[in-house]
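This one's a predicted model, so the numbers in the text were calculated from it and none came from an experiment. Order of the sequence lines fixes the chain letters, A, B, ..., with proteins taken first and strands second; residue numbering starts at 1 for each chain. No hydrogens, no waters, no symmetry mates; every other heavy atom, side chains included, goes into these values.
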Number of protein chains: 2
Amino acid sequence: MIGTTGRDPEALAVSVDLVIFTVRGDELNALLVERGNEPYRGACALPGGYVRAGETLDQAALRELREETSLDGGRVHLEQLRAYSEPDRDPRGRVITVAYLGLGPDLPRPVAPRAAWTPVADVLEGRTVLAFDHAGILRDALERARTQLEHTTIAARFCPEPFTVGELRRIYEVVWGFKLDPSNFRRKMTRAEAFLEPTGEQRFPEVGRPAALYRRGSARYLVPPLLRSAAARDACP
Amino acid sequence: MIGTTGRDPEALAVSVDLVIFTVRGDELNALLVERGNEPYRGACALPGGYVRAGETLDQAALRELREETSLDGGRVHLEQLRAYSEPDRDPRGRVITVAYLGLGPDLPRPVAPRAAWTPVADVLEGRTVLAFDHAGILRDALERARTQLEHTTIAARFCPEPFTVGELRRIYEVVWGFKLDPSNFRRKMTRAEAFLEPTGEQRFPEVGRPAALYRRGSARYLVPPLLRSAAARDACP
DNA sequence: CTAGCTAAGGGTCATCTTGACCCAAAGTCG
DNA sequence: CGACTTTGGGTCAAGATGACCCTTAGCTAG
């Protein structure tokens with residue numbers, strides 16, 4: 001959380017803010033904390049805090065992640081998004097923040113009090129109001145996540161291992177916001193080099209045919225990429 | 001340039017550093033300044049400086065651009081690359097820097113003394129040594145520029161208008177570091193929606209057949225993208 | 001004037017990828 | 001058993017790509 005004390009208006013502070021996405025059920029969720037102090041008391045905000053002396057931005061982001069979710073960085077993919085620097089973005093003083101995008105499999109309930117998973121749609125459609133410029137940061141993070149699904153293999157980071165092709169497809173559908181053809185999706189994913197590693201096991205779901213189980217392969221990039229059509233890109237919010 | 005005075009080791013400063021690329025002849029060049037002060041006196045560095053009070057990062061980057069090249073932002077495409085935050089990246093104290101990637105057509109000689117266009121290859125191959133972590137920043141910027149050429153229409157920002165398809169192709173070849181098939185390249189570019197806008201004029205070069213002239217179209221993205229093959233990606237440095 | 005050079009610009013063709021389908025297989029539930 | 005759901009395999013046409021070929025239109029050397 002952003003500190004509680006007033007700040008020298010001349011001073012320049014640097015913070016990190018985290019957009020942690022996870023897929024729960026059929027919804028994309030982000031980790032938000034309810035603010036206990038002014039400004040924006042009672043509103044929601046992205047988890048984050050000031051960068052400490054001797055700490056890199058990556059280390060600060062990992063520390064905040066641990067404080068809010070009690071997760072080591074091993075299970076969550078964290079990457080720098082960009083810096084936000086509007087002089088009046090924080091009414092307490094000059095704070096430049098570096099946003100991080102985090103992705104993880106259906107994560108446990110956050111440990112921090114007042115922290116909770118919130119559907120991203122609630123923010124996009126105005127049902128949940130975010131403090132500061134955090135709504136804009138969240139939108140940028142969502143767009144980055146959607147683009148990353150096209151070119152990289154991070155979608156598998158959303159899935160607890162082992163997982164089925166259907167589970168992986170649901171990640172794409174939830175993050176992108178539209179349905180994919182199951183058959184074409186399977187062809188694409190199973191033929192991609194080192195994306196999926198078959199375990200040989202099967203999973204027997206409550207309904208439907210048993211599905212083969214996979215583990216994440218070694219590939220970091222999906223070549224050729226799986227591009228959203230221009231039409232689909234425009235259709236979703 | 002980075003300031004000349006010593007700094008309080010407890011304080012945290014934020015700077016911007018600019019990687020400005022331009023194509024001159026058959027080489028990709030970056031704008032570098034020779035350092036007149038310690039540390040790294042005599043070495044080259046990226047242009048940059050501290051962010052001032054009340055200034056966004058974008059504004060700081062534009063101001064530095066003007067100071068070094070006397071160019072308004074209109075002719076140069078500037079975008080944020082990422083932040084660099086290793087605590088010991090600057091021996092004078094804690095400085096977090098946000099790097100910007102800039103692209104422009106064959107730009108005039110820089111106005112600032114000790115500033116000069118330098119072939120990027122000289123840096124990559126160690127003939128030119130950069131101060132701080134600037135060599136790493138330059139490599140990251142080059143990789144970003146290469147990726148941007150695949151998905152966006154920024155390559156045209158390297159070309160003074162009006163330009164020919166051959167000139168545009170040379171941009172790709174110089175930035176990517178390998179040759180492209182002229183015929184296939186033309187097909188791809190002229191069929192891309194709103195990338196090239198024919199002027200109807202022709203240019204008569206010293207040698208070879210006259211070429212049709214184009215202006216930048218309104219499209220910002222190149223769909224479908226023009227992807228480097230995995231082989232080509234690995235081949236170039 | 002002609003041959004030779006260079007680069008533009010148009011075309012062919014085999015291959016690959018994609019999107020829209022269809023359909024059988026293998027489980028559960030009524 | 002039959003309805004239902006999801007997996008997983010297949011076809012087929014349309015489009016994109018890479019490797020070519022060849023003509024065109026300017027220049028220059030002889």
Rounded distance in Å - [atom1] ([X]) to [atom2] ([N]):
{"X": "B:Leu168", "N": "C:dA8", "atom1": "CG", "atom2": "P", "result": "12 Å"}
{"X": "B:Leu227", "N": "C:dC16", "atom1": "CG", "atom2": "P", "result": "17 Å"}
{"X": "A:Tyr214", "N": "D:dG8", "atom1": "OH", "atom2": "C1'", "result": "9 Å"}
{"X": "B:Leu213", "N": "C:dA7", "atom1": "CG", "atom2": "P", "result": "17 Å"}

- [ ] Return yes if a side-chain donor-acceptor contact under 3.5 Å exists between A:Asp17 and A:Thr97, otherwise no.
- [x] yes
Task: Lys/Arg-Asp/Glu bridge criterion (N-O < 4.0 Å) met for A:Arg203, A:Glu167 - done: yes
TODO: Give one of base, sugar-phosphate or nothing for A:Arg169, where a contact means two heavy atoms less than 4.0 Å apart.
DONE: sugar-phosphate
- [ ] Check every strand shown and say whether A:Ser183 touches a base, only sugar-phosphate, or nothing at a heavy-atom separation below 4.0 Å.
- [x] base
Open item on the list: Suppose we call a contact any N or O donor and acceptor under 3.5 Å apart; does that hold for the side chain of B:Arg209 and the base of C:dA8?
Closed with: yes
Report the nucleotide, chosen from [options], that has the shortest atom-to-atom distance to any side-chain atom of [X].
{"X": "A:Asn184", "options": "D:dT7, D:dG18, C:dG19", "value": "C:dG19"}
{"X": "B:Arg187", "options": "D:dT17, C:dG19, C:dG9", "value": "D:dT17"}
{"X": "B:Arg186", "options": "D:dT5, D:dT7, C:dG10", "value": "C:dG10"}
{"X": "A:Ala211", "options": "C:dG27, D:dG8, D:dT17", "value": "D:dG8"}

Task: Upstream residue (5' side of DNA chain C) when B:Gly166 and A:Glu206 are each assigned their closest nucleotide - done: B:Gly166
Task: 5′-ward residue of the pair B:Val207/B:Gln202 relative to DNA chain C - done: B:Val207
Task: NZ or CZ of A:Arg170 within 45° of A:Tyr172 ring axis and under 6.0 Å - done: no
Open item on the list: Between B:Tyr214 and B:Phe163 (judged by ring centroids, cut-off 6.0 Å), do the two rings come close enough to count as a pair?
Closed with: no
- [ ] State whether B:Lys188 places a side-chain N or O below 4.0 Å from either non-bridging phosphate oxygen (OP1 or OP2) of D:dT17.
- [x] yes
